[in-house]
Amino acid sequence: MSVATHESGSPAQTTEPVLELTGIGKHFGAVQALAGVDFRVHPGEVVALVGDNGAGKSTLVKIMSGVYQADSGRMRVEGREVHVHSPSAAQSLGIATVFQDLALCDNLDVVGNLFLGSELGSNAWMDEVAMEKESWRLLRELGAKIPTVRIPVASLSGGQRQTVAIARSLVGSPKVVMLDEPTAALGVAQTAEVLNLVERLREQNLGVVLISHNMADVQAVADRIVVLRLGRNEAEFRTVDVTTEQLVAAITGASDNVVAERHARRVPPATETGEVEA
Amino acid sequence: MSTTRTAPTDETAARADLIDERLAQDTGLRGAADAFRRRVRDGDLGLLPVVVGLFVIGLVFYLQDVTYLSSSNLVNITLNAVPYGIIAVGVVLVLLLGEIDLSVGSISGLAGSITAVLVVQQGQPLVLGLLAGAGTGAVIGIAYGLIFTKIGVPSFVITLAGLLGFVGLQYVVLGDTGTINLPRTSPLAQFAREDFLSPAVSYVAVVVVVVAYALVSIIGIRRRTAAGLPAQSLTLVLGKSAIMLAGLGFLTYYLNIDRGWGFAVVFFVALVVVLDLVLRKTTWGRHLYAVGGNVEAARRSGINVNWIYISAFSLTGLLAATGGLMFLARLTSVSQASGSNDVNLTAIAAAVIGGVSLFGGRGSAYSALLGVLVLTAINSGLNRIGVDSSVRYIVTGAVLLLAVSIDAIARRARASSGRG
Ligand SMILES: Nc1ncnc2c1ncn2[C@@H]1O[C@H](COP(=O)(O)OP(=O)(O)O)[C@@H](O)[C@H]1O
Ligand SMILES: [Mg+2]
């Protein structure tokens, strides 16, 4: 399938991209994980990044978050060319990442986790009152339901932990938030809650990058869907223009794919809620 | 929150509220007691087992020998606990990181030897000798930290090598003298043996400590209330302060019947209090817990993980050396046997018995204080009964196993009540 780009109309796209990558290449030994990949996200836009296992999604996210450095290509934040050589460099550029493993400290409470590495206070002395107050503000902003911020995060449910991880990414007032499979380990209601959080992030005019294997989630919240396949841009769709079969076909790289066909036969296009777990 | 995987909202909220005594604002003392009961049932035992253990030990030995709980014996226990306790405080730091220092005994022996050689044999000023001894420990700790972070050797192996190596170095430092005696008139020996707070000073100190505690708590309540956050009730703070005043006051009265609070004991307790504040209130302390809990998460948060390891190892070395200087002061001598396995294992066991998790991220500075009191109290009791030192080792081992078992059972209870 050739690269299909359906550009137009969305209000977000009339603005300058907050984060833009062009011609990104990255190899690990003999494996070309990414080759000439372009990617951009605008303020107030949710971009879903989908693709089969090994397509290069996590590698791309890690390049944007400073965990890996690209071999080739350019990266711009608000039009300015940048070099992101460490996670903290990405953070100071306003790029926040919620990693798939959440990276929470189970032994610390919610406040401790939210402000880990950017504690409030004077010099070495922490201002617990200010941090606790700010924690409640952040959680309220996300409409999060957490009964107390003073219990170790180990005792929170999966959805609550995800909420804490997302709230934590907001501490430095970022411009872009990237979420790597935020709903993979969650139940139905908790998934709905996390998707609500994603909507909240968009309302705050942040650029949001969402990695997911779940087509229903992607189609529910994303404005634009970028499909990677074998380390290359395979396709790009506006969510309103695309059917699940088209997505599945782009992901698997074949329009005559059995999965896509069976899907098309079973589910009428209007009500589809497909899921591709590769 | 959700209906699929968690309990309904109301129940979750109510239970979570009770988890934290600071949230039991409008229920006062009874609310605090309820929260405490609930915590214990859910396996969050904190320092409870050690405190209970101390009472049991006191009772058992008292029944054997009524003079066990006499003022003079309690003063001796406090004095004997100090050197081990200071070393144990350092052990707490590395254990919080999920690492270990097996060489604290060797470091203590080496530091004592260096100070003794400089001061007694070479007639150098005492301050210089102390700085050299303590500095040696800090430098060893920095070296451990560098080897650990830059080369990646497990702390178990690095410090096992140190355990052996520094015993050898201690022999070299002591030369063929064998034993060096510190004059009892030396200010160092006086500090650990003869210097005690006068009764008047000790009572004033108790009042100052309790008033400071109450004031800080009340200021905390004010700030939290002003910020619209739940705060503990004034009654609770006043109740705690009253209990503290009564407890410390009685203890002071009882110890004052004999010699009272030794300077060294006050030094040790102050060290524990300061370290507890550093661990709970500073970013360095927070980062130490974070690294012990999830080092990868700490690294991705931008924490300088290597600095945390190196600083903690060096503090552990410094405290081990300081403990060694206290042994020199208390025993007024140093020999090839100083800082032997007994010291090593007692200090590490004390931290663990006090409730510091071996897996990192859990425990407090007070663990060292309580753990070392348990072991010193047992030691004193067994000595008074006149049992062989073989029995002492066996009992110490059994207590260590018991303490770790209690922790393991409590951890299971925590897991099943969702408190990790
Ligand atoms: N650290 C690494 N070392 C070697 N190969 C890697 C590494 N990270 C990713 N890869 C390879 O790069 C490709 C893309 O991986 P990844 O970005 O994790 O895919 P995705 O997240 O889309 O499933 C895969 O072939 C994977 O094996
Ligand atoms: Mg991945």
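From a predicted model like this one, the values you see are computed outputs, not experimental measurements. Just so we're on the same page: letters track the sequence lines, and every chain starts at 1.
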Just checking [X]: does its [atom1] atom have more than 12 heavy atoms from other residues, nucleotides or ligands closer to it than 6.0 angstrom?
{"X": "B/Trp307", "atom1": "CH2", "answer": "no"}
{"X": "A/Lys26", "atom1": "NZ", "answer": "yes"}
{"X": "B/Arg222", "atom1": "CZ", "answer": "no"}
{"X": "A/Phe28", "atom1": "CZ", "answer": "yes"}

Might you point out which heavy atoms bring [X] and [Y] nearest each other, and give the distance in Å?
{"X": "B/Leu229", "Y": "A/Trp136", "answer": "CD2-CD1, 3.6 Å"}
{"X": "A/Ala103", "Y": "B/Arg300", "answer": "CB-NH1, 3.8 Å"}
{"X": "B/Gly361", "Y": "A/Asn107", "answer": "O-ND2, 2.9 Å"}
{"X": "B/Ala290", "Y": "A/Cys105", "answer": "O-SG, 3.5 Å"}

Tell me, for B/Arg280 versus chain A, whether the close heavy atoms (under 4.5 Å) come from the side chain, the backbone, both or neither.
backbone
Using a 4.5 angstrom heavy-atom cutoff, name the option from A/Gly66, A/Ser118, A/Ala124 with the most pairs to chain B.
A/Ala124
For the side chain of B/Asn294 and the backbone of A/Leu104, is there at least one donor-acceptor N/O pair under 3.5 Å apart?
yes
Using the rule given for side chain to side chain contact (heavy atoms under 4.5 Å, CB included), can you reason through B/Thr282 versus A/Glu119, listing the C-alpha separation, both sets of side-chain angles and the distance that settles it, and then say yes or no?
CA-CA 9 Å; B/Thr282 70; A/Glu119 289 82 3; over 6 Å; no
For the candidates B/Gly220, B/Ala227, B/Gly302, which exhibits the highest count of non-hydrogen atom pairs separated by less than 4.5 Å from chain A?
B/Ala227
If I take atom CG from residue B/Leu277 and atom CH2 from residue A/Trp125, how far apart are they, to the nearest 0.5 angstrom?
5.0 Å
Please evaluate residues A/Arg168 and B/Ser301 with respect to the criterion side chain to side chain contact (heavy atoms under 4.5 Å, CB included), reporting the C-alpha separation (whole Å), side-chain torsions for both, the decisive distance (0.1 Å), and the verdict.
CA-CA 10 Å; A/Arg168 186 177 131 75; B/Ser301 310; 3.0 Å; yes
Go through it in stages, so that I can follow the logic: the residues are B/Arg362 and A/Asp106, the test is salt bridge (Lys or Arg N to Asp or Glu O under 4.0 Å), and I'd like the CA-CA distance, side-chain angles, deciding distance and then a yes or no.
CA-CA 10 Å; B/Arg362 270 173 226 282; A/Asp106 276 347; over 6 Å; no
So does B/Lys281 pair up with A/Asp127, basic N to acidic O under 4.0 Å?
no
Are B/Arg224 and A/Glu128 within salt-bridge range, i.e. N to O under 4.0 Å?
no
Report the C-alpha distance between A/Leu108 and B/Arg286 in whole Å, list the side-chain angles of each, state the deciding distance to 0.1 Å, and finish with yes or no for side chain to side chain contact (heavy atoms under 4.5 Å, CB included).
CA-CA 8 Å; A/Leu108 297 184; B/Arg286 175 66 49 83; 4.0 Å; yes
